[in-house]
2 protein chains.
Amino acid sequence: MTKMKNDKVCQYKLMASRDALTVIQGKWRIPIIISLTHGNKRFGDIQKDIEDISPKMLSQELKALEESKIISRKLYDSMPIMVEYSLTPLGISMQKLLDELLKWGIHFRNEIVGKKKTLKRQLN
Amino acid sequence: MTKMKNDKVCQYKLMASRDALTVIQGKWRIPIIISLTHGNKRFGDIQKDIEDISPKMLSQELKALEESKIISRKLYDSMPIMVEYSLTPLGISMQKLLDELLKWGIHFRNEIVGKKKTLKRQLN
DNA sequence: TATTTTACTTACCAAAAGGTAACAGGTATA
DNA sequence: TATACCTGTTACCTTTTGGTAAGTAAAATA
């Protein structure tokens with residue numbers, strides 16, 4: 001990498017960002033992953049975390065994330081059916097990325113959305 | 001933050017991620033920002049970096065990024081008109097986020113897209 | 001005068017993403 | 001038998017996003 005020309009590096013970065021974006025793309029996937037970083041959850045739990053997601057979108061995006069090997073689905077054969085979703089190692093490997101996304105989101109909000117200086121402390 | 005309940009933290013994170021996502025959303029914004037981390041560029045330069053972007057999308061997304069205060073546009077009154085785009089401090093503040101995105105994109109490609117172990121070294 | 005360069009814009013269309021509302025299927029409880 | 005719970009599914013529609021192709025404007029160059 002050190003010996004690559006500037007524009008080669010740029011091309012390489014553009015490729016990597018595309019790979020990441022295709023998996024992350026859309027309104028709901030990041031929120032779903034964030035919800036699951038707070039513990040394994042059931043369908044209804046995730047719905048409660050992300051208040052305005054519809055069951056259609058939730059099940060659709062859960063399937064997509066499962067196909068990308070970022071989450072896994074476990075079915076428990078209990079009385080009312082129970083399904084537990086959790087992050088795979090690949091999902092867990094997104095932690096730093098998510099942290100930076102959140103930090104920047106907060107920074108952006110402080111700079112642009114509002115000039116409130118509250119809640120400026122780091123996450124975790 | 002330390003004293004917040006787990007689900008309050010989750011709600012706060014979800015809000016922050018939404019703020020970030022609305023700015024970053026779409027196929028082209030991250031690539032444009034990455035292109036500009038490699039130096040200030042003109043319209044045509046960015047087009048050369050991102051080979052398959054159309055002038056319509058490029059100008060549309062540049063405008064959006066300008067409105068979000070992530071890039072700035074400078075018009076030089078030269079012979080054939082010249083416009084230079086650059087990152088604002090807010091744009092520069094995305095560096096760590098972009099780095100993590102790239103790292104994860106490479107990791108994802110190595111794990112899933114292909115099992116190639118080449119090009120595993122860190123960026124920069 | 002005609003062509004080139006740079007930086008776009010416009011009109012039109014197609015595809016993808018997302019929203020709404022109703023329904024389904026299996027089990028358990030009243 | 002009827003109702004509720006849980007995890008979805010389905011049909012239908014609207015909105016957003018992105019693509020294509022052609023055109024524009026202003027100045028410089030041939």
Side-chain angles (χ1 to χ4, degrees), chain A residues 14-15 17-36 39-68 70-87, chain B residues 14-15 17-36 39-68 70-87:
Chain A
L14 288 170
M15 193 193 70
S17 73
R18 283 208 176 179
D19 288 342
L21 286 175
T22 54
V23 184
I24 282 171
Q25 208 65 277
K27 192 173 173 182
W28 301 116
R29 292 187 196 171
I30 292 279
I32 291 169
I33 296 167
I34 290 175
S35 170
L36 290 176
N40 300 353
K41 300 222 169 125
R42 301 170 63 179
F43 193 90
D45 295 331
I46 305 175
Q47 261 190 315
K48 273 169 215 152
D49 275 350
I50 309 170
E51 290 172 0
D52 50 352
I53 196 171
S54 67
K56 174 197 154 187
M57 289 310 294
L58 182 52
S59 99
Q60 183 181 299
E61 298 305 275
L62 285 169
K63 269 179 200 160
L65 288 170
E66 212 192 333
E67 275 177 27
S68 304
I70 287 168
I71 67 174
S72 67
R73 192 188 116 110
K74 193 170 177 185
L75 175 70
Y76 291 92
D77 212 14
S78 53
M79 8 236 121
I81 212 172
M82 178 175 150
V83 180
E84 194 186 61
Y85 292 94
S86 58
L87 294 179
Chain B
L14 287 170
M15 194 193 70
S17 74
R18 283 208 178 181
D19 288 342
L21 287 174
T22 55
V23 184
I24 280 170
Q25 207 65 278
K27 193 174 173 183
W28 301 118
R29 291 187 197 171
I30 292 281
I32 290 170
I33 296 167
I34 290 175
S35 170
L36 289 177
N40 300 353
K41 299 222 169 127
R42 302 169 63 179
F43 192 90
D45 295 331
I46 304 174
Q47 260 190 315
K48 272 169 215 153
D49 275 351
I50 309 168
E51 289 171 1
D52 50 354
I53 196 171
S54 67
K56 174 197 154 186
M57 290 310 294
L58 182 51
S59 101
Q60 183 180 298
E61 298 306 274
L62 284 170
K63 269 179 201 159
L65 288 170
E66 213 192 329
E67 274 177 29
S68 304
I70 287 168
I71 65 173
S72 66
R73 190 188 118 112
K74 192 170 177 184
L75 176 69
Y76 291 92
D77 211 17
S78 52
M79 9 235 123
I81 213 172
M82 180 176 150
V83 179
E84 194 187 61
Y85 293 93
S86 58
L87 294 179

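By convention in this document, chain letters (A, B, ...) are assigned in the order of the sequence lines, proteins followed by strands, and residues within each chain are numbered from 1. Please read all numbers here as calculations on a predicted model, not as lab measurements.
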Open item on the list: From the set D:dG8, C:dA11, C:dG19, return the single nucleotide nearest to any side-chain atom of B:Lys56.
Closed with: C:dA11

Task: Sugar-phosphate only, base, or nothing, as touched by A:Arg73 at under 4.0 Å among non-hydrogen atoms - done: sugar-phosphate

TODO: Starting at atom CG of A:Asp45, determine the distance to atom C1' of D:dC5, rounded to an integer number of angstrom.
DONE: 14 Å

- [ ] Examine D:dT9: is either OP1 or OP2 under 4.0 Å from a nitrogen or oxygen in the side chain of A:Ser59? Give yes or no.
- [x] yes

- [ ] Measure from CD1 on A:Ile53 to C1' on D:dT7 and round the result to the nearest Å.
- [x] 14 Å

TODO: Decide yes or no for A:Ile30 and A:Ile32: does some side-chain heavy atom of the first lie under 4.5 Å from some side-chain heavy atom of the second?
DONE: no

TODO: Rounded to the nearest angstrom, tell me the gap between atom CD1 in B:Ile32 and atom P in C:dC8.
DONE: 12 Å

Open item on the list: Please report the distance, rounded to the nearest Å, between CZ in A:Arg42 and P in D:dT7.
Closed with: 4 Å

Open item on the list: How close do A:Thr22 and A:Arg29 get, counting heavy atoms only, and between which atoms?
Closed with: O-NH1, 3.5 Å

Open item on the list: For B:Leu62 versus B:Tyr85, what's the shortest heavy-atom pair and its separation?
Closed with: CD1-CZ, 3.6 Å

Task: Under 4.0 angstrom between A:Lys63 side-chain N/O and D:dT9 OP1 or OP2 - done: yes

Open item on the list: I want to verify a distance call: between D:dT7, C:dC8, D:dG19, whose nearest atom is closest to the B:Val83 side chain?
Closed with: C:dC8

Task: Minimal non-hydrogen separation, A:Phe43 against A:Leu58, with atom names - done: O-CD2, 3.6 Å

- [ ] Specify the separation, in whole Å, of atom CE of B:Met57 and atom C1' of D:dA21.
- [x] 16 Å

Open item on the list: Quick test of your reading of the model: are B:Lys74 and B:Glu84 salt-bridged, counting only N-O distances below 4.0 Å?
Closed with: no

TODO: Could you check how far CD of B:Gln25 sits from C1' of C:dA17, rounded to whole Å?
DONE: 10 Å

Task: A:Lys48 NZ to D:dC5 C1', straight-line distance once rounded to whole Å - done: 11 Å

- [ ] Have a look at A:Tyr76 and say if it touches a base, only the backbone sugar-phosphate, or nothing, with a 4.0 Å heavy-atom cut-off.
- [x] nothing

Task: Pairwise 5' ranking along DNA chain D for B:Gln60 and B:Pro55, keeping only the more 5' one - done: B:Gln60

Task: Residue B:Pro80, side-chain atoms from C-beta onward, closest of C:dT5, D:dC6, D:dG18 - done: C:dT5

TODO: Using atom CD of B:Glu61 as one end and atom P of C:dT9 as the other, report the distance to the nearest whole Å.
DONE: 13 Å

